[in-house]
Enquirer: 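What follows is a structure written as structure tokens; I'll ask about it next.
Predicted, not measured: the structure shown is a model, and the values here were computed from it. We count residues from 1, following the sequence as given.
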Amino acid sequence: MPLTQAFLASMMGAGRPTVSQIAGHLQDEGLIAYARGELRLVDRDGLERIACECREVIQSLRRRIMP
């Protein structure tokens with residue numbers, strides 16, 4: 001999907017260098033492929049494993065609102 005670091009930074013309320021660092025780490029771990037504004041999920045299960053516990057809370061709310 002097309003996704004720039006500037007857009008991600010804006011969505012997360014973070015600086016672009018922070019997004020670049022995190023994207024690099026996720027790419028090094030083999031979880032994503034990211035280059036020139038294109039993001040590709042490589043290992044969704046791996047991303048879910050390292051996500052914070054708030055992810056499950058958000059997923060649960062989403063399921064209740066949009067069954």
Enquirer: Are L31 and I50 packed together at the side-chain level, in the sense that at least one heavy-atom pair is separated by less than 4.5 angstrom?
Expert: yes

Enquirer: Could you pull out every donor-acceptor pair under 3.5 Å between side chains of residues 1-27 and any protein atom, sequence neighbours left out?
Expert:
{"unit_1": "T4", "atom_1": "OG1", "unit_2": "F7", "atom_2": "N", "d": "3.0"}
{"unit_1": "Q27", "atom_1": "OE1", "unit_2": "Y34", "atom_2": "N", "d": "2.4"}

Enquirer: Show which side-chain atoms of residues 55-62 pair as donor or acceptor with protein atoms under 3.5 Å away, not counting sequence neighbours.
Expert:
{"unit_1": "R55", "atom_1": "NH2", "unit_2": "E48", "atom_2": "OE2", "d": "3.0"}
{"unit_1": "E56", "atom_1": "OE2", "unit_2": "R63", "atom_2": "NH2", "d": "2.7"}

Enquirer: Testing the basics here: between V42 and I32, what is the closest heavy-atom pair and its distance to 0.1 Å?
Expert: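 That closest heavy-atom pairing would be CG2-C, 3.6 Å.
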
